[in-house]
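Throughout, protein chains are lettered first and strands after them, A, B, ... in sequence-line order, and every chain is numbered starting at 1.
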2 protein chains.
Amino acid sequence: MDIQQHIQEIRTFNRFYTDLIGLLDKHLLNSEYSLAEARILYEIFTAKQLSASDIIYRLSIDKGYLSRILKKFEKEDLIVRKPSEEDARVSMLSLTDAGLKVFFGLNEASEKQILALISPMSIEQLDELVKHMMAITGLLEKQSR
Amino acid sequence: MDIQQHIQEIRTFNRFYTDLIGLLDKHLLNSEYSLAEARILYEIFTAKQLSASDIIYRLSIDKGYLSRILKKFEKEDLIVRKPSEEDARVSMLSLTDAGLKVFFGLNEASEKQILALISPMSIEQLDELVKHMMAITGLLEKQSR
DNA sequence: CAATTTAGTTGACTTTGTCAACTAAATAAA
DNA sequence: TTTATTTAGTTGACAAAGTCAACTAAATTG
């Protein structure tokens, strides 16, 4: 089976991921956070130390928009900013306990959605799905550098 | 390997699909269509016969918003509406040749993004990925009924 | 045929996201 | 060292995306 044949089949993947987006959209509708906000919390959670510029680079988000979201997060005590030691213009971001709680809540909810999606699958199918998801995840990490 | 263990690992999936959304977002930025519009075109393309209500049901989209998008599509000659024979209140939607062209253009562009994402994988990995994507796609079809 | 439901449209609105002008600190060049 | 340039982040004004509720017109129920 060669690459060209795969290209044809990969069309179904297209359908799959737009459906996923629908799911995620729907679940975030019931929360008080937008997709952008959830992704920003994710970035702050996973990085030990990161600045607003890092988020702009990773998520391709407008800096004005990000600035306002971070301001809101700060007001809600979800994050704290600590001036960078190397560069006084830069603030390093981290989640507070409240921020962690919100992040885990969002994550748990979207995991529930995903579980509902995959729970009818067999153990064998799940095994392989997880394996390949992890492969692609690693791949994305590589590409973002 | 039992379900509980999988749940833990499925967290990586979370990351994977938010990254995909980021990719898709970015690629649609360069097109003149929004994600919602691309999804609507997809629905009209795949169904032989469908009404606005069908789209509302499938995509959980606001009917006022849909109404305006369909009006725009009609003005751009991407779709045609034909009154349903059973129910004169209902319009059946289909893509024009121009609509097909736009749809294929959007689809091709997003396929390119996906290919860039998966092309570093081996043939064996691709084989299994495609297999499981198709499994999940079938699953989504089932759930939407 | 009157009352109620359903499909779709429209106006007014909120939320989400962008752009460009700005401030303040850092770095580079003289 | 002091002037010029770059970089991080904020803000105001705006555009795009999406929602809500009131409405029209046709269909269905009783």
- [ ] Going 5' to 3' through nucleotides 5-14 of chain C, assign each nucleotide B (protein heavy atom under 4.0 Å from a base atom), S (under 4.0 Å only from sugar-phosphate atoms) or - (no protein heavy atom that close).
- [x] BBSBBBBB--

Task: Partners meeting side chain to side chain contact (heavy atoms under 4.5 Å, CB included) with A:Lys63 (sequence neighbours left out) - done: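 A:Lys63 satisfies side chain to side chain contact (heavy atoms under 4.5 Å, CB included) with A:Ile56 once adjacent residues are dropped.
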
Open item on the list: Please enumerate all residues that pass side chain to side chain contact (heavy atoms under 4.5 Å, CB included) together with A:Ala88, with sequence neighbours excluded.
Closed with: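 So A:Ala88 forms no side chain to side chain contact (heavy atoms under 4.5 Å, CB included) with any residue.
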
Rounded to whole Å, please give me the gap between [atom1] in [X] and [atom2] in [N].
X       : N      : atom1 : atom2 : answer
B:Ile61 : D:dT19 : CD1   : C1'   : 11 Å
B:Glu85 : D:dA26 : CD    : C1'   : 17 Å
B:Arg39 : D:dA17 : CZ    : P     : 15 Å
A:Glu86 : C:dA26 : CD    : P     : 12 Å
B:Leu59 : D:dG18 : CG    : C1'   : 14 Å

- [ ] Applying salt bridge (Lys or Arg N to Asp or Glu O under 4.0 Å), name anything that partners B:Asp87, two or more places apart in sequence or on another chain.
- [x]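 Salt bridge (Lys or Arg N to Asp or Glu O under 4.0 Å) check on B:Asp87 returns B:Arg89.
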
Task: Contacts of B:Ser91 that satisfy side chain to side chain donor-acceptor pair (under 3.5 Å) - sequence neighbours left out - done: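 B:Ser91 satisfies side chain to side chain donor-acceptor pair (under 3.5 Å) with no residue once adjacent residues are dropped.
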
TODO: If a pair satisfies salt bridge (Lys or Arg N to Asp or Glu O under 4.0 Å) and one of its residues is in residues 95-106 of chain A, list it, with sequence neighbours excluded.
DONE: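 Checked against salt bridge (Lys or Arg N to Asp or Glu O under 4.0 Å) - neighbours excluded - no pair reaches residues 95-106 of chain A.
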
Open item on the list: Any side-chain to backbone donor/acceptor pair from A:Thr96 onto A:Asp77? Under 3.5 Å, distance only.
Closed with: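 Checking the backbone N and O of A:Asp77 against the side chain of A:Thr96, a donor-acceptor pair under 3.5 Å is found.
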
